Each structure stands twice: as structure tokens, then as C-alpha cells.
Amino acid sequence: MTDLPAGASAGFMDREIRSGEGWSERLGSVLATCRVFVPLFSPRYFASEMCGKEWHAFEQRAIHHRARSNQSAEAIVPALWVPVPPNQLPGSAERLQFNHRDFGERYVSDGLYGLIKLRLFAQEYERAVYELAKRIVSVADTVQIDTGRPVDYRLAPSAFGSPSSGVGAPRPMQITVAAPTRHDLPEGRIADYYGDHPQDWNPYHPAAARPLAYVAEELVRSLNYQAVITSFDEESGQQEGKQAPSTPEILLVDRWALQDEDRRRRLAAFDAENRPWVTMVVPWCRDDHQSRAAEAELTEKLEQTMPTKMRQGRAFCRVAAKGVPTMEAFGQVLPQVVEVAAQQYLRHATVYPPAGGRHGERTRLMGPMGSTQFIPDMHDLATDAEDV
């Protein structure tokens with residue numbers, strides 16, 4: 001279905017990789033250049049941290065493409081190897097706008113594995129594979145995602161969340177923006193980077209076409225979190241003293257926001273409350289000549305206003321607090337920032353232990369109606385261990 005010469009490879013399968021020198025570099029290279037990503041859905045796939053890392057590495061290209069062009073770039077074409085219940089899908093897979101029923105009802109109910117195992121469904125299998133091939137070629141021809149810089153995917157986070165969290169519903173994460181609007185800028189400040197609301201701040205203009213908060217939201221979602229965007233001006237007006245943590249939080253700070261004395265006072269009060277589950281990121285653009293010229297002054301004012309957050313930033317993620325100069329660097333540093341915020345939240349959030357105290361009765365597995373849950377023998381479930 002393509003214009004490739006006869007015998008040419010149409011794609012790459014990671015099962016071709018063998019352990020040894022160069023295998024990680026090879027996989028990093030193909031993830032940075034391939035035009036379509038085809039995950040084979042199964043319970044085992046979503047339980048694999050390495051598969052989640054591959055997904056994350058590819059999805060970052062799509063996120064950065066949308067950030068730069070403000071154009072859709074959906075180039076993930078999933079295939080059902082084994083059907084997976086919706087409640088077992090991570091957010092990254094659940095959000096895909098993909099209709100599997102175009103490939104046949106039997107494919108939806110049994111997946112490719114089921115069609116292969118049962119010779120009765122050979123025709124349905126051929127149809128599913130044919131429709132999948134057509135979809136892959138169509139996406140490759142119509143969606144153009146920029147190539148990325150090869151990275152060591154082993155160092156990337158998993159799009160399915162951390163191994164300890166398990167696969168399931170995305171966890172909450174708040175994104176707060178401390179920035180002026182184009183209506184209350186410091187005197188002489190260029191308005192090109194601002195909009196009608198703080199959430200419209202776009203420090204990487206003109207290289208990026210989308211406000212940073214919405215790019216951050218996509219990056220956070222790609223780590224299996226559900227993000228909520230708000231502005232510091234709105235949040236600080238509702239708070240009365242230090243609050244118990246309700247969710248991990250990322251605070252995006254425009255250093256020009258500190259030129260407003262009232263906002264600077266509120267940021268200083270926020271910093272004095274010492275909320276370690278709030279991780280600060282200081283984006284700026286090296287092509288913004290005003291920010292570059294005033295960098296020393298802006299940095300000093302931030303150090304004086306928010307010394308606690310700057311100290312925590314140097315300890316947890318130095319680049320985030322020092323200043324993130326490009327959109328690419330922002331995408332690289334945000335997973336680390338998210339992880340720090342999540343860990344600090346778990347350390348400081350209120351814990352509700354089960355009733356009964358330390359020496360209470362041991363927990364028992366119960367059925368949905370309160371009866372003791374029946375645990376079947378594996379022989380009752382299947383006779384073919386390979387299928388299981």
C-alpha cells in the first residue's frame with residue numbers, strides 16, 4: 001500500500017532488538033523518526049514499564065509538534081492483541097480517539113490473538129489485518145510529525161505511570177500559573193507573550209504557538225496524571241493561611257510577574273508557608289531580548305521573594321528553578337518536576353489509617369456482598385497455560 005520498493009521494510013518491531021551494545025541507541029533512533037506508533041494492546045503490554053517508556057518517547061514528539069504548530073498530530077494507531085477492559089486502560093490509551101469496530105466485531109471481542117488461535121475466524125483475521133494496514137498507511141500519509149532528537153528511552157518515564165501506582169485512572173495534578181496578563185504588564189514589557197488571562201502566558205513565543213499551561217497539561221497527562229489549570233491570582237485570593245495538601249502541584253512562574261508589588265507580596269507569603277508538594281518551574285526564552293537583558297535583576301528579585309522555593313528547587317530540580325530556556329528543555333525537565341511534586345505530596349498529605357489500630361484484626365478479602373471471596377484454582381480458569 002506504499003510506494004516503498006519491493007522487499008523494503010515498511011516498519012520496525014522492537015522485538016528485533018537484542019541485548020548488547022547499541023540496542024538502546026537503535027530503539028531511541030526509531031522512536032525519534034518513525035511516522036506511526038502501533039502499540040499492541042494487552043494486559044501484559046500495559047503492565048510493562050518498558051512499553052510505557054516507548055509510548056512516552058513517541059508521544060513527546062506529538063506534544064511538541066502541537067505546541068509549535070497548534071495543529072493536531074495523532075499518529076498512534078493501536079491494535080487489539082487481546083481486548084483490555086476500559087477500567088484497566090491508562091489515561092494515555094483511554095484518550096485515544098480510535099474506533100476499533102471498523103476492523104470487525106469479532107476483532108473487538110477476541111482481538112488478533114483470538115482470531116489467530118481459532119481457524120474458524122481466518123477470514124475475520126485477514127480483514128482486521130488489512131484494515132489495520134490501511135489505517136497505518138493513511139495516518140503516515142496525512143499526519144506529519146517532526147522528527148525528534150534521539151534519547152535513551154530507558155531513562156524516560158512511563159506513559160502508564162510509575163510501576164508502584166499500577167495501571168488505572170489518572171492521578172490528579174494541579175498546574176498553577178503566576179504571570180501577568182497583557183492588561184497589567186510592567187511598563188515597557190512586550191505584550192507578545194501574554195493574553196487576556198494568566199493561563200495564556202506563552203514564554204516561548206514565537207517558536208511555540210500554544211500557551212505554556214496547556215502544553216504542560218499535555219505533558220502531565222502523558223505521565224498518566226489528570227491536570228487542572230488555574231492561576232495564582234485566583235488561588236491566592238481564595239486561600240486563608242496554610243492549607244493541607246489536596247493534590248501535588250506545579251507552579252509556573254513568570255519572573256516579570258514579580259514586578260507587581262501586590263503579586264510579589266502574595267508570592268512571598270505563599271513561599272513562607274513552605275509547601276514542598278508545590279514544585280516551582282521558571283520558564284523563560286533565551287530569544288526574548290528583554291528577559292535576557294534583565295535576567296540578573298529578575299533572578300535576584302525571585303531569590304528575595306521566594307527563597308524557600310528556590311532552595312527546594314536547587315535540591316530537587318536545579319534546572320527548573322534556575323530557568324528553563326527552551327520548549328524542548330521544558331519537556332525534558334517536566335517529568336522530573338512531576339515526580340518530585342508527587343513524592344512530596346505523598347510525604348505530607350494526611351494519612352487515614354484503617355480503624356482498629358496496629359493490633360486490629362487482619363484484613364480479609366471479601367466478596368462484593370460482604371461474603372468471603374472465593375479464590376479459584378488456576379485449573380478452573382483455563383487448561384492452556386499459554387493462553388493465560
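FYI, the numbering just counts along the sequence from 1. For clarity, every value in this text was computed on a predicted model and none was experimentally measured.
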_Residue pair Tyr214, Asn70: steps toward the side chain to side chain contact (heavy atoms under 4.5 Å, CB included) verdict_ = CA-CA 11 Å; Tyr214 299 102; Asn70 207 23; over 6 Å; no
*Any chance you could lay out the side chain to side chain donor-acceptor pair (under 3.5 Å) test for Glu328 and Gln332, step after step, and finish with the verdict?*
CA-CA 6 Å; Glu328 288 72 19; Gln332 293 169 7; over 6 Å; no
*side chain to side chain contact (heavy atoms under 4.5 Å, CB included) between Ile145 and Phe37, intermediate numbers included*: CA-CA 11 Å; Ile145 297 183; Phe37 182 75; over 6 Å; no
*Worked check of salt bridge (charged side-chain N to carboxylate O under 4.0 Å, His left out) between Asp262 and Arg266*: CA-CA 6 Å; Asp262 178 64; Arg266 286 184 281 113; 3.1 Å; yes
*asked:* Please determine whether salt bridge (charged side-chain N to carboxylate O under 4.0 Å, His left out) holds for the pair Glu131 and Lys134, giving the CA-CA distance in whole Å, both sets of side-chain angles, and the decisive distance to 0.1 Å.
replied: CA-CA 5 Å; Glu131 294 294 339; Lys134 285 201 304 183; 3.6 Å; yes
_Trace of the side chain to side chain contact (heavy atoms under 4.5 Å, CB included) decision for Glu124 with Asp110_ = CA-CA 11 Å; Glu124 285 85 348; Asp110 292 340; over 6 Å; no
_For a side chain to side chain contact (heavy atoms under 4.5 Å, CB included) check, start with the C-alpha distance between Ile116 and Trp81, then their side-chain angles and the critical distance, and finish with the verdict._
CA-CA 10 Å; Ile116 291 172; Trp81 184 247; 3.8 Å; yes
*Begin from the C-alpha positions of Glu303 and Arg314 and carry the test salt bridge (charged side-chain N to carboxylate O under 4.0 Å, His left out) through to its verdict.*
CA-CA 12 Å; Glu303 287 276 6; Arg314 284 189 287 268; 2.8 Å; yes
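Connection of Leu80 to Leu96 is established within a shared hydrophobic cluster, with ILVMFWY side chains joined at heavy-atom distances below 4.5 Å, either directly or through further cluster members. Under the 4.5 Å side-chain heavy-atom criterion for grouping Ile, Leu, Val, Met, Phe, Trp and Tyr, Val281 is not connected to Val340 through any hydrophobic cluster. Taken together through direct or relayed side-chain contacts under 4.5 Å among Ile, Leu, Val, Met, Phe, Trp and Tyr, Val137 and Leu4 form parts of separate hydrophobic clusters. A chain of hydrophobic side-chain contacts below 4.5 Å, direct or via other Ile, Leu, Val, Met, Phe, Trp or Tyr residues, connects Leu118 to Phe103. Tracing side-chain contacts under 4.5 Å through hydrophobic residues (I, L, V, M, F, W, Y), one reaches Ile190 starting from Leu212; they form part of the same cluster.
Tyr194 pairs in a side chain to side chain donor-acceptor pair (under 3.5 Å) with only one of the listed residues (Thr181, Asp200, Asp254), which is Asp254. Among the candidates His64, Arg68, Arg61, the single residue satisfying the side chain to side chain donor-acceptor pair (under 3.5 Å) test with Asp146 is Arg68. None of Arg265, Arg264, Arg263 except one satisfies the side chain to side chain contact (heavy atoms under 4.5 Å, CB included) rule with Leu267; the exception is Arg263.
Considering CZ of Arg182 and NE2 of His197, their distance stands at 10.0 Å, rounded to 0.5 Å. Interatomic distance, OG of Ser231 versus CG of Leu252, reported as 12.0 Å (0.5 Å rounding). Here the CD1 atom belonging to Ile229 is positioned 10.5 Å from the CD atom belonging to Gln174, to the nearest 0.5 angstrom. Remark: Trp256 CH2 to Tyr193 OH distance equals 10.0 Å, nearest 0.5 Å. Interatomic distance, OG of Ser158 versus CE of Met50, reported as 10.0 Å (0.5 Å rounding). The CD atom of Glu300 sits 12.0 Å away from atom CG of Leu258, with the distance rounded to the nearest 0.5 Å.
Here the closest non-hydrogen pair linking Pro248 and Ala341 is CB-O, 3.5 Å. For the pair Tyr345 and Ser246, the tightest heavy-atom approach, listed with the atom from each and the gap, is OH-O, 3.4 Å. Taking each heavy atom of Met327 and Ala208 in turn, the nearest pair found is CE-CB, 3.6 Å. Here the closest non-hydrogen pair linking Pro211 and Asn202 is CA-CB, 4.1 Å. Between Val220 and Ala227, the shortest heavy-atom distance links the atoms CG1-CB, 4.0 Å. Nearest heavy atoms, Ala179 versus Pro198: O-CB, 3.4 Å.
Side chains of Lys309 and Val278 form a contact here, defined as non-hydrogen atoms less than 4.5 Å apart. Between Glu234 and Gln199, the closest side-chain pair of non-hydrogen atoms falls below 4.5 Å. Residues Val338 and Leu219 are not in side-chain contact: their nearest non-hydrogen atoms beyond the backbone lie 4.5 Å or more apart. Two residues are said to be in side-chain contact when any heavy atoms from C-beta on lie closer than 4.5 Å; Val253 and Phe232 fail this criterion. With a 4.5 Å cut-off on side-chain heavy atoms, Asn224 and Arg171 count as touching. Using a 4.5 Å heavy-atom cutoff, the side chains of Leu251 and Arg275 are not in contact. Residues Leu298 and Trp284 fail the side-chain proximity criterion, which asks for heavy atoms closer than 4.5 Å. In this structure, the side chains of Met280 and Phe316 stay at 4.5 Å or more apart for every pair of heavy atoms.
Checked by atom type and distance alone, the side chain of Glu74 pairs as donor or acceptor with a backbone atom of Ile76 at under 3.5 Å. Proximity of a side-chain donor or acceptor of Arg35 to a complementary backbone N or O of Ala140 within less than 3.5 Å is detected. A donor-acceptor contact shorter than 3.5 Å links the side chain of Arg95 to the backbone of Arg221. The main-chain N or O of Gly188 is found under 3.5 Å from a side-chain atom of Gln290 such that the two form a donor-acceptor pair. When atom types are taken as modelled, the side chain of Arg292 and the backbone of Arg286 share a donor-acceptor pair closer than 3.5 angstrom. Remark: the backbone N or O of His56 is paired with a side-chain donor or acceptor of Gln60 at under 3.5 angstrom. A distance-only check finds no donor-acceptor pair linking the side chain of Glu59 to the backbone of Leu223 [under 3.5 Å]. In terms of modelled atom types and a separation under 3.5 Å, the side chain of Asp271 and the main chain of Thr308 share a donor-acceptor contact.
Taking the centre of each ring, Phe121 and Tyr107 stay at or above the 6.0 Å mark.
Using cut-offs of 30° and 60° for the angle between ring planes, the Tyr45 and Trp55 rings count as tilted. Aromatic ring orientation, Trp277 versus His348: tilted (interplanar angle from 30° to 60°).
A side-chain N or O of Thr299 and one of Arg255 form a donor-acceptor pair less than 3.5 Å apart. Residues Gln304 and Lys301 bring no donor and acceptor atom of their side chains to less than 3.5 Å of each other.
Electrostatic pairing of Asp184 and Arg189 does not count as a salt bridge here, judged by no charged N lying under 4.0 Å from a carboxylate O.
No more than 12 heavy atoms of other residues, nucleotides or ligands sit less than 6.0 Å from atom OH of Tyr125.
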